[in-house]
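Both backbone and side-chain heavy atoms feed into the values below; hydrogens, waters and symmetry mates do not. Counting convention: from 1, in listed order, for ligands and their atoms alike.
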Amino acid sequence: MERTLIKDTPKKIGEKVRLCGWVNTRRDHGKMVFIDLRDRTGLVQIVGDEKLGNLRSEYVIEVEGLIKKRPANMTNDKIATGEVEIEVEKVNILAKSKELPFPIETDGYEINEEKRLKYRFLDLRRSRLLKNLINRHQFIKSVRLWFNDEGFIEVETPILTKSTPEGARDFIIPSRLQQGKFYALPQSPQQYKQLLMVAGLEKYFQIARCFRDEDLRADRQLEFTQLDIEMSFVEREDILNLIEKLMIDLVEAYGKKIYQKPFPRISYQEAMKKYGDDKFDLREKKEDDVLAFAFVIDQPLFSWKKEEKRWDSSHHPFTAPNPKDLKFLENGEIEKVRSWQYDLVCNGSEVGGGSIRITNAKLQEKIFEILGHKKEQIKNKFGHLLEAFEYGVPPHGGVAFGLDRLIAIFNNEDSIREVIAFPVTSSGESSVMDAPSEVDQEQLKELGIQITPTQKDVKKK
Ligand code: ASP
């Protein structure tokens with residue numbers, strides 16, 4: 001018999017069906033036993049005799065039986081299938097289960113997070129998390145459809161690549177074939193998406209995995225997902241309008257409200273003066289269903305790194321200066337140069353950022369020099385991009401959104417870990433699997449790598 005999903009049971013009253021799922025709860029009433037059976041689509045009540053008494057929570061079972069309408073006074077309006085129940089004819093245990101290490105019928109916030117992540121495969125059985133994953137899937141699906149309708153093309157870019165600076169430390173991967181050399185995991189697809197503009201793609205997007213070896217904070221993960229976009233023949237205004245349209249469409253599809261339309265555009269200086277922060281919340285009181293978006297523009301192109309005594313890019317080195325401020329680049333008043341960067345904030349978090357790019361190889365070199373790169377380094381690190389710009393580069397710009405953060409906000413979750421299937425723990429270990437972990441001597445030998453004892457080990461000896 002074909003399997004029926006639990007959500008479809010109310011449509012099949014009077015029919016014999018086969019259901020599969022997990023025992024959510026069991027209640028014994030003398031000769032009658034009630035089971036709430038769970039699959040990914042919901043819960044339904046199963047009724048049988050003592051034979052059901054040997055079923056325990058989280059056993060995986062297959063049930064055949066008749067769907068009956070419950071008497072009016074017996075319906076359960078807490079579950080979507082509450083007006084029906086299944087009268088069991090046959091039960092088959094497909095797998096038994098040990099007792100779970102924590103309850104899964106609660107929302108789970110009360111449970112130690114390390115423990116939840118160690119048993120993430122059980123934690124995800126919780127209806128809140130299942131819903132978050134389904135919503136994430138729907139969100140990404142709508143994003144893909146939206147960009148497709150706008151004429152964008154999704155392109156995957158490499159994970160084994162060369163460093164692209166986004167202000168964080170790189171993860172590096174040793175090469176076996178070229179011992180002593182390393183790949184870097186992308187902090188973002190920045191240079192590739194710019195190369196795709198040189199290639200003539202004009203409208204690119206990607207649901208892109210990015211890697212940054214940073215100290216962990218509540219809203220940071222070592223790997224995270226970006227919605228990454230780049231467009232040719234556009235100015236700042238075109239990109240801001242596109243972002244605004246995308247956000248409004250997504251918010252409306254999600255049944256939420258927008259605080260202010262069009263999104264206010266606030267200069268960085270104004271934001272710092274008014275809110276003391278470039279990530280601010282426009283809302284006076286925090287209503288859950290209202291999303292307050294604003295653009296922050298006109299950021300300074302450079303910021304001074306006190307400890308290192310050098311200029312750094314406020315965004316990244318490919319961001320174009322405002323042409324009106326080019327004179328300050330010439331006369332050395334570096335701090336006065338405004339950039340063509342823009343950030344999108346939502347309810348107090350930064351959810352996206354981007355810029356119009358430099359397309360003049362000379363200007364790009366000058367920026368690298370201000371950032372302290374020597375000529376030789378520029379050639380080694382970014383020669384490919386500068387060379388590409390010599391073959392007809394269209395004016396272009398783009399943006400990237402932190403997809404995990406956006407989805408968290410849309411689902412009223414404070415932590416992005418609640419909308420990621422297998423996030424890393426706050427100490428940087430992967431959920432379930434114990435990574436990072438040691439590797440075999442053999443593997444290290446193949447890579448030409450030797451581990452030197454750390455200070456700690458030396459002291460022990
Ligand atoms: N690559 C930038 C980032 O990851 C976004 C952009 O400039 O498009 O923040």
Side-chain angles (χ1 to χ4, degrees), residues 143 147 152 154-159 161-171 184-198 201-214 217 219-232 234-243 246-247 268 278-279 295-303 312-322 338-346 349-359 364 367 371 381-382 385 393-406 416:
V143 163
F147 278 95
F152 283 76
E154 182 168 17
V155 182
E156 289 166 88
T157 53
I159 295 296
T161 177
K162 205 175 170 105
S163 171
T164 261
E166 294 280 359
R169 202 179 282 110
D170 285 323
F171 276 102
L185 300 183
Q187 292 189 34
S188 85
Q190 186 62 34
Q191 295 183 66
Y192 284 111
K193 66 175 172 173
Q194 294 195 237
L195 291 171
L196 288 171
M197 295 303 106
V198 180
L201 248 89
E202 292 192 27
K203 285 175 147 194
Y204 142 96
F205 84 103
Q206 183 180 189
I207 309 291
R209 195 59 71 85
C210 304
F211 306 84
R212 299 183 189 178
D213 191 0
E214 296 185 290
R217 282 184 259 145
D219 59 347
R220 291 285 159 98
Q221 283 275 303
L222 301 176
E223 57 176 300
F224 59 96
T225 308
Q226 266 190 354
L227 166 56
D228 199 48
I229 299 155
E230 197 75 9
M231 294 162 83
S232 294
V234 287
E235 294 179 354
R236 181 169 77 181
E237 207 48 31
D238 300 310
I239 296 185
L240 297 189
N241 288 337
L242 180 100
I243 297 173
L246 167 68
M247 288 304 149
Y268 176 83
D278 58 351
K279 298 180 270 301
F295 289 115
V296 184
I297 55 174
D298 293 339
Q299 289 83 345
L301 188 63
F302 299 103
S303 50
D312 197 8
S313 302
S314 305
H315 188 39
H316 53 56
F318 314 106
T319 300
N322 187 321
R338 284 167 306 165
S339 79
W340 255 349
Q341 181 190 340
Y342 30 81
D343 287 337
L344 181 69
V345 295
C346 176
S349 299
E350 184 193 314
V351 291
S355 56
I356 297 296
R357 322 300 185 189
I358 298 170
T359 44
Q364 184 67 73
I367 301 289
L371 296 174
K381 285 193 178 157
F382 306 107
L385 193 70
V393 53
H396 61 275
V399 61
F401 301 98
L403 203 64
D404 308 299
R405 168 102 329 244
L406 259 184
I416 60 172

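Between the side chains of Tyr192 and Thr161, a donor-acceptor pair is found at a separation under 3.5 Å.
A donor-acceptor contact shorter than 3.5 Å links the side chain of Asp238 to the backbone of Glu235. Judged by distance alone, with hydrogens and angles left aside, the side-chain atoms of Ser188 form a donor-acceptor pair with the main-chain N or O of Gln190 at under 3.5 Å. The backbone N or O of His315 lies less than 3.5 Å from no partner atom in the side chain of Gln299, so there is not a single donor-acceptor pair. The main-chain N or O of Thr225 is found under 3.5 Å from a side-chain atom of Asp404 such that the two form a donor-acceptor pair. Glu154 contributes a side-chain N or O that, together with a main-chain N or O of Ile207, makes up a donor-acceptor pair within less than 3.5 Å.
The immediate protein surroundings of ligand 1, defined as residues with any heavy atom under 4.0 Å of it, consist of Glu166, Ser188, Gln190, Lys193, Arg212, Gln226, His315, His316, Gly353, Gly354, Arg357, Gly398, Val399, Ala400.
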